[in-house]
Amino acid sequence: MIRRLDSRDAQFQQELSALLAFESSQDPEVDARVAAILDDVKQRGDAAVIDYTQRFDSLSAATMADLELSQAELKAAFERLPQGQKDALEAAAARVRRYHEHQKAASWQYTDEDGTMLGQQVTALDRVGIYVPGGKASYPSSVLMNAIPAHVAGVSEIIMVVPTPRGERNDLVLAAAYIAGVSRAFTIGGAQAVGALAYGTQTIPQVDKITGPGNAYVAAAKRRVFGIVGIDMVAGPSEILVICDGTTDPDWIAMDLFSQAEHDEIAQAILLCPDAGFIDQVAASIERQLPDMPRAEIIRASLTGRGALIHVKDLAEACHIANWIAPEHLELSVAEPQVWLPELKHAGAIFLGKFTSESLGDYCAGPNHVLPTARTARFASPLGVYDFQKRSSLIQVSAAGARKLGRIASTLAHGEGLQAHAKAAEYRLDDKQ
């Protein structure tokens, strides 16, 4: 069912490249429909959002007030949860908050020898929008991972949009919004929700940044509104790469591969291992455990289409291949993970040791589960507090500094043919004021 590769084969690199290839370019038909929806929302505001919500989610509303969830409704959803779910949600939120508190950036200043003060001021964004998927699946964990770092960063207003097809609301999602400090919540989704957040409507204020995953229409809309507002990323299918030395229970490894494969038929799960016999055991475990999985058909399609069990020479080579793949999730399931950690440069999140399943990171370990995919971990980072803050440079030049820096600036400005730049600096060479 799942392909087997060997790093010693002459065609290995070509086969690996083909396995990782994912067509992330936009569907022209989706893009055209999204463009029309965004333009309509920009022109008609609330009325367009109401129309599209009725058309796509079969949710009737006379006004936007019918689509907004009050804080009382969010709290009531929390109170309706079974005690076990309440406790789990609160524990996860506390861990996520504690981790992100450590990410707070500091403003700083220093004064150089001529009295010029230089520094950096860190301030939070005023208002952000978080998109939470709804419909086929509901993800309260996504609420925590998007809203809590924004809250920790000091964002004044957090607006959540979540589609509720046919009026089906998920209490865990609403309860997570209550716990995470969401300011306002609307039962809207799709490109129209992204447009409402990006442009603002009569009811929904324009935000500064939009974060959170969604379907192809949401991704296309986020691409189009980038520049008007900020976005976190355009996420691709879920990924897991496991490096194992053969000392972990093969059933654990098989289930870890399942944990991402069950997301989507185009999700990707890969194992790198130097022990061919262990790879055989994992393959056997996959076949034995798969029939009992509720999402067996999705897992099978994912593993067949984009999964692989790869035999490598040693763990050093496994790390080298992992850096080239730059996966979203990387499990380092080996006896001494700290020894190999310095060899790993590119991954969204690294899970150390056999007891650290990727699923813990998705829900409650603390670090963010919004991670770069499709090899973008080569240059991108997990969502965090820093995504909801911005930095302003501080410059206060002294008279002595103006004389020193002015000569440098004047020379360079003349060299660029920008005489006004040069003159502005030259005026301050002679301190007459």
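Nothing fancy with the numbering, it's 1 onward along the sequence. For the numbers below, each heavy atom of this structure counts, side chains included, while hydrogens, waters and symmetry mates do not.
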Enquirer: Consider side-chain contact (heavy atoms from CB on, under 4.5 Å). Of D126, V155, D387, which one does K209 pass it with?
Expert: D387

Enquirer: Does G45 offer a backbone N or O that forms a donor-acceptor pair with the side chain of T201 under 3.5 Å?
Expert: no

Enquirer: Taking the side chain as everything from C-beta on, heavy atoms only, tell me whether T123 gets closer than 4.5 Å to Q389.
Expert: no

Enquirer: I need the I298 CD1 to I266 CD1 distance, nearest 0.5 Å.
Expert: 11.5 Å

Enquirer: Give me the atom names and distance for the closest heavy-atom approach of A322 to I243.
Expert: CB-CD1, 3.9 Å

Enquirer: Evaluate side chain to side chain contact (heavy atoms under 4.5 Å, CB included) for L271 paired with I310, printing each intermediate quantity in order.
Expert: CA-CA 6 Å; L271 168 66; I310 303 176; over 6 Å; no

Enquirer: Both conditions, 6.0 Å and 45 degrees, for the charged tip of K42 above the ring of Y199: are they met here?
Expert: yes

Enquirer: D6 and H311: side-chain hydrogen bond (donor to acceptor under 3.5 Å, both in side chains), yes or no, with the steps?
Expert: CA-CA 5 Å; D6 193 312; H311 186 209; 3.3 Å; yes

Enquirer: Are the side chain of N323 and the backbone of E343 linked by a donor-acceptor contact shorter than 3.5 Å?
Expert: yes

Enquirer: Whether the side chain of Q71 engages the backbone of V182 through a donor-acceptor N/O pair (distance < 3.5 Å, no angle test) should be reported.
Expert: yes

Enquirer: Is there a side-chain contact between V161 and V132 in this structure, where contact means two heavy atoms from C-beta onward sitting under 4.5 Å apart?
Expert: no

Enquirer: Look at R169 together with E73 and state whether they make a salt bridge at an N to O cut-off of under 4.0 Å.
Expert: yes

Enquirer: Measure the OG1-CD1 distance between T248 and I253 for me, rounded to the nearest 0.5 Å.
Expert: 4.5 Å

Enquirer: In Å and rounded to the nearest 0.5 Å, what is the CZ to CD distance from F186 to E68?
Expert: 3.5 Å

Enquirer: Judged by modelled atom types alone, do S410 and E426 share a side-chain donor-acceptor pair under 3.5 Å?
Expert: yes

Enquirer: Please examine the side chains of Q109 and L118, heavy atoms only from C-beta on, and report whether any two atoms are closer than 4.5 Å.
Expert: no

Enquirer: Between I130 and I159, is a side chain to side chain contact (heavy atoms under 4.5 Å, CB included) present by the stated rule, with each step listed?
Expert: CA-CA 6 Å; I130 64 171; I159 299 178; over 6 Å; no

Enquirer: Distance alone, cut at 3.5 Å: any donor-acceptor contact between the side chains of Q260 and Q268?
Expert: no

Enquirer: Atom NE2 of H346 and atom CZ of R378: how far apart are they, to the nearest 0.5 Å?
Expert: 8.0 Å

Enquirer: Side chains of I299 and S302: closer than 4.5 Å at any heavy-atom pair?
Expert: no

Enquirer: To the closest 0.5 Å, what do you measure between NE2 (H320) and CG (L272)?
Expert: 11.5 Å

Enquirer: Which heavy-atom pair separates L67 from L59 by the least distance, and what is that distance?
Expert: CD2-CD2, 3.8 Å

Enquirer: Under a 3.5 Å distance rule, please check whether R295 uses its side chain to pair with a backbone N or O of E262 as donor and acceptor.
Expert: yes

Enquirer: For E358, does its backbone N or O pair with a side-chain atom of E331 as donor and acceptor, under 3.5 Å?
Expert: yes

Enquirer: As a quick check of understanding, evaluate side chain to side chain contact (heavy atoms under 4.5 Å, CB included) for D40 and Y52, giving each step before the final call.
Expert: CA-CA 10 Å; D40 196 16; Y52 289 120; 2.8 Å; yes

Enquirer: Looking at every non-hydrogen atom in both residues, tell me the closest pair between M145 and P367 and how far apart they are.
Expert: CE-O, 3.6 Å

Enquirer: Report yes or no: does E239 contribute a side-chain atom to a donor-acceptor pair with the main-chain N or O of A374 at less than 3.5 Å?
Expert: yes

Enquirer: Going by the rule ring pair (Phe, Tyr, Trp, His ring centres under 6.0 Å), which residues pair with W340 if we only count those two or more places apart in sequence or in a different chain?
Expert: none

Enquirer: Tell me if the CD1 atom of I395 is crowded by more than 12 foreign heavy atoms within 6.0 Å.
Expert: no

Enquirer: Indicate yes or no for a side-chain donor-acceptor contact from R95 to the backbone of A91 under 3.5 Å, with no hydrogens or angles considered.
Expert: no

Enquirer: Evaluate whether atom CD of Q13 has more than 12 neighbouring non-hydrogen atoms of other residues, nucleotides or ligands under 6.0 angstrom away.
Expert: yes

Enquirer: With distance as the sole criterion, is a donor-acceptor pair present between the side chains of S7 and E317 under 3.5 Å?
Expert: yes

Enquirer: Is a donor from one side chain sitting under 3.5 angstrom from an acceptor on the other, for S259 and S359?
Expert: no

Enquirer: So for atom CD, which belongs to E101, do other residues, nucleotides or ligands contribute more than 12 heavy atoms lying within a distance under 6.0 Å?
Expert: yes

Enquirer: Does the side chain of H369 pick up a donor-acceptor pair with the side chain of E328 at under 3.5 Å?
Expert: no

Enquirer: Please confirm whether R375 makes a cation-pi placement over W324, using NZ or CZ under 6.0 Å from the six-membered ring centre and within 45° of the ring normal.
Expert: yes

Enquirer: Can you confirm whether L315 sits close enough to V334 that some side-chain heavy atom of one is under 4.5 Å from a side-chain heavy atom of the other?
Expert: yes

Enquirer: Mark yes or no for whether R127, through its side chain, and Q206, through its backbone, hold a donor-acceptor pair below 3.5 Å.
Expert: yes

Enquirer: So do the side chains of E90 and F78 get within less than 4.5 Å of each other, counting heavy atoms only?
Expert: yes

Enquirer: Taking the side chain as every heavy atom from C-beta outward, state whether L89 and Q85 have any atom pair closer than 4.5 Å.
Expert: no

Enquirer: Could you tell me which non-hydrogen atom of S156 sits nearest to which non-hydrogen atom of S183, and how far apart they are?
Expert: O-OG, 4.0 Å

Enquirer: Please check if the side chain of R33 supplies one atom and the backbone of E29 the other of a donor-acceptor pair under 3.5 Å.
Expert: no

Enquirer: Yes or no on salt bridge (charged side-chain N to carboxylate O under 4.0 Å, His left out) for E113 and K404, after CA distance, side-chain angles and deciding distance?
Expert: CA-CA 11 Å; E113 63 279 0; K404 175 183 176 182; 3.1 Å; yes

Enquirer: Does F12 CZ have over 12 foreign heavy atoms under 6.0 Å away?
Expert: yes

Enquirer: Tell me if the NZ atom of K86 is crowded by more than 12 foreign heavy atoms within 6.0 Å.
Expert: yes

Enquirer: Quick one, R3 and L19 - any side-chain contact, counting heavy atoms below 4.5 Å?
Expert: yes

Enquirer: For the pair D245 (side chain) and A335 (backbone), establish whether a donor and an acceptor sit closer than 3.5 Å, ignoring hydrogens and angles.
Expert: yes

Enquirer: Taking atom CG of L74 and atom CE of M160, what is their separation to the nearest 0.5 Å?
Expert: 6.5 Å

Enquirer: Do T211 and N146 pair up side chain to side chain, a donor and an acceptor below 3.5 Å, judged on atom types alone?
Expert: yes

Enquirer: Does the pair D51/R44 count as a salt bridge with the N-to-O cut at 4.0 Å?
Expert: yes

Enquirer: Measure across R306 and I270 and return the closest heavy-atom pair with its distance rounded to 0.1 Å.
Expert: O-CG1, 4.5 Å

Enquirer: What do the steps show when you test M233 against T376 for side chain to side chain contact (heavy atoms under 4.5 Å, CB included), and what is the final call?
Expert: CA-CA 10 Å; M233 64 185 76; T376 59; over 6 Å; no

Enquirer: Any Lys/Arg nitrogen of D31 or R224 sitting under 4.0 Å from an Asp/Glu carboxylate oxygen of the other?
Expert: yes

Enquirer: Using a 6.0 Å cut-off, check whether atom CZ of R4 has over 12 heavy atoms from anything other than its own residue.
Expert: yes

Enquirer: Identify the heavy atoms of C244 and F278 that sit nearest to each other, and give their distance.
Expert: SG-CE2, 3.6 Å

Enquirer: Does K390 come within less than 4.0 Å of D208, counting only side-chain N to carboxylate O?
Expert: no

